[in-house]
Amino acid sequence: MAAGREIDQLAGHFAAAPATFTTSPLYRALCPVVAGDRPTLELLTGRRPGQQASYLFFGAAHYLLLAGVGHPLRDFYPSLVGPAAAQPADAGPVLLDFCRRYRADLGELIRTRLVQTNVVRRAVALRYALRIVGQHCAGPVHLVEVGSSAGVHLHVDRYRYLVGGRTFGPADATVSLDSRWLGRTPPPDLDDVPQIASRTGVDLNPVDVTDESSRRWLRALVWPENRDAATLLESALDAVAADPPTVVAGDAVQVCPEVGRALPPGEPRVVFHAATRMHVPAERRPAFDRAIDSIGDDGPLYHVWQEPPSAPHGGQLADPRAELAMHGPDGVVMPLLRVDGHLRWLGPLDPRN
């Protein structure tokens with residue numbers, strides 16, 4: 001009975017998932033196909049706890065194609081064949097054949113891999129939040145990212161930013177991020193941010209960016225139509241490989257208190273996570289929140305998150321329009337911005353501003 005309920009839940013998840021894949025016509029077309037195919041749904045019952053099923057499944061299929069699997073499904077992927085990609089509406093039967101032929105390979109990836117998206121543009125959100133933090137504390141801050149994967153956001157101060165017709169960040173940066181600003185007034189000064197005294201990542205499975213298969217997995221998690229995001233990811237991974245930050249392996253619930261104790265007492269620390277809490281099993285989220293808050297035991301904590309409204313910190317939905325929010329040492333949740341999930345745009349909570 002329990003297995004049947006999980007299959008039903010997975011079917012419902014994929015049936016609703018087209019609304020998630022806003023920039024991927026291919027995945028939108030394939031979601032209903034997966035929702036109606038029990039053998040494929042059964043594969044996903046073997047995933048690790050908390051892993052978002054549609055991201056994981058499509059990432060696994062994309063990974064095999066990027067690795068050179070010769071199957072007609074590749075003809076539907078702009079990431080592989082460019083503008084000549086076949087029409088998404090015709091991909092359903094081809095996907096099902098792919099799943100039958102490569103069931104064992106898909107199953108192994110689903111059992112062992114994690115959804116470790118590295119949306120580089122999310123550094124724009126962190127940069128904005130750092131400006132707010134700088135208005136509340138003096139001096140450098142210690143940056144901690146939970147769910148850091150390859151650590152691309154830990155280089156937030158080393159990127160160039162093009163937002164609302166303004167440019168911020170070092171002029172010699174090798175990575176440039178552009179996001180539309182939806183406010184009527186200009187964006188704030190994103191050069192007015194505190195220095196970063198140290199940077200530390202926390203991840204269940206830190207990614208070795210020098211390993212080809214690991215980089216391919218990260219690339220596979222980029223939706224096939226988002227070729228600009230894939231190019232940006234490659235540039236950011238190269239930058240991280242040249243100067244890798246410290247990433248501590250382990251469950252955030254156990255690791256975060258240790259990270260906090262290792263920081264200099266009394267000095268401010270900023271904790272950031274994006275699309276991470278949403279993957280934490282619901283029954284473990286209170287412990288996840290407490291672990292992050294513990295980083296503030298020995299110094300002022302500024303906790304910043306970009307999560308969907310379904311996974312607000314501590315169960316607090318500061319503002320239904322705000323996917324970027326934070327709290328300071330007083331624990332009061334502060335909504336910051338409306339943002340696109342992939343930070344293609346950002347804007348004030350009130351569109352009239």
Side-chain angles (χ1 to χ4, degrees), residues 20-28 55 58-69 73-86 88 113 115-128 145 147-181 190 201 207-245 274-275 306 339-346:
T20 300
F21 295 107
T22 53
T23 60
S24 179
L26 178 60
Y27 287 176
R28 289 204 303 273
Y55 290 178
F58 288 128
H62 198 187
Y63 177 91
L64 293 176
L65 294 170
L66 289 170
V69 164
L73 184 62
R74 66 180 288 110
D75 295 337
F76 292 88
Y77 280 69
S79 54
L80 293 162
V81 299
R113 296 285 186 169
V115 176
Q116 294 177 287
T117 52
N118 285 258
V119 180
V120 186
R121 280 192 180 91
R122 286 176 179 153
V124 179
L126 175 56
R127 182 89 176 195
Y128 182 95
E145 183 180 14
S148 59
S149 187
V152 297
H153 300 133
L154 292 170
H155 277 206
V156 59
D157 56 333
R158 302 179 184 179
Y159 299 150
R160 195 79 167 145
Y161 297 87
L162 293 83
V163 180
R166 302 182 67 186
T167 304
F168 311 96
D172 59 351
T174 60
V175 177
S176 294
L177 311 180
D178 60 311
S179 293
R180 286 188 298 127
W181 174 253
L190 298 184
V207 177
D208 178 1
V209 296
T210 66
D211 177 71
E212 182 181 352
S213 66
S214 296
R215 285 181 69 138
R216 185 184 305 126
W217 176 249
L218 300 183
R219 171 68 182 83
L221 292 169
V222 179
W223 303 347
E225 295 86 353
N226 296 354
R227 297 165 68 191
D228 61 331
T231 300
L232 189 57
L233 175 61
E234 291 293 339
S235 297
L237 293 178
D238 287 342
V240 170
D243 185 16
Q306 183 197 332
V339 298
D340 166 62
H342 290 180
L343 262 294
R344 295 180 183 276
W345 58 262
L346 66 161

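All values derive from a computational prediction rather than experimental measurement. For the numbers below, each heavy atom of this structure counts, side chains included, while hydrogens, waters and symmetry mates do not.
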Practice item. Mind telling me whether W223 and H342 have parallel, tilted or perpendicular rings, with 30° and 60° as the class edges? Key: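 Plane angle between 30° and 60°, so tilted.
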Starting at [atom1] of [X], measure out to [atom2] of [Y] and round the result to the nearest 0.5 Å.
| X | Y | atom1 | atom2 | answer |
| --- | --- | --- | --- | --- |
| Y128 | L343 | OH | CG | 12.5 Å |
| L237 | T210 | CG | OG1 | 11.0 Å |
| Y27 | T22 | OH | OG1 | 13.0 Å |

Review point. Would a distance-only check, ignoring hydrogens and angles, find a side-chain to backbone donor-acceptor pair under 3.5 Å from Q306 to G341?
Key: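 Pair found, side chain donor or acceptor close to backbone of G341.
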Check your understanding: Are any side-chain N or O atoms of R344 and backbone N or O atoms of R180, one a donor and one an acceptor, separated by less than 3.5 Å?
Key -> no
Taking all non-hydrogen atoms of both residues, which atom of [X] and which atom of [Y] are closest, and how far apart?
| X | Y | answer |
| --- | --- | --- |
| V120 | H153 | O-CD2, 3.9 Å |
| Y159 | L177 | CD1-CD1, 3.8 Å |
| L221 | G59 | CD2-CA, 4.1 Å |
| G82 | R227 | CA-NH1, 3.6 Å |
| H62 | S79 | NE2-OG, 2.8 Å |
| V240 | G151 | CG2-O, 4.0 Å |

Can you find a pair of side-chain heavy atoms, one from [X] and one from [Y], that are under 4.5 Å apart?
| X | Y | value |
| --- | --- | --- |
| V222 | R219 | yes |
| H155 | V175 | no |
| L65 | L73 | yes |
| Y161 | S179 | no |
| L162 | S176 | yes |

With [X] via side chain to side chain donor-acceptor pair (under 3.5 Å) - residues at least two apart:
| X | value |
| --- | --- |
| S214 | D211 |
| S149 | N118 |
| T23 | N226 |

**Study point:** Partner residues of P88 under the side chain to side chain contact (heavy atoms under 4.5 Å, CB included) criterion, sequence neighbours left out
**Key:** P25, L26, A29
Check your understanding: Which residues pass the side chain to side chain contact (heavy atoms under 4.5 Å, CB included) test with D238, sequence neighbours left out?
Key ->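 Side chain to side chain contact (heavy atoms under 4.5 Å, CB included) list for D238, sorted by chain: R215.
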Exercise for review: Run the numbers on D340 and R121 for side-chain contact (heavy atoms from CB on, under 4.5 Å), then give the verdict.
Suggested key: CA-CA 10 Å; D340 166 62; R121 280 192 180 91; over 6 Å; no
Review point. Taking the six-membered ring of F168, is NZ or CZ of R127 closer than 6.0 Å to its centre and within 45° of its axis?
Key: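 Not satisfied by the 6.0 Å and 45° rule.
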Point to revise | Derivation and outcome, side-chain contact (heavy atoms from CB on, under 4.5 Å), residues V69 and R74 | key: CA-CA 8 Å; V69 164; R74 66 180 288 110; over 6 Å; no
Point to revise | Ring center gap for F21 and Y55 short of 6.0 angstrom | key: yes
**Study point:** Sequence neighbours excluded, every pair satisfying salt bridge (Lys or Arg N to Asp or Glu O under 4.0 Å) that has a member inside residues 153-174
**Key:** D157-R199, R158-D243
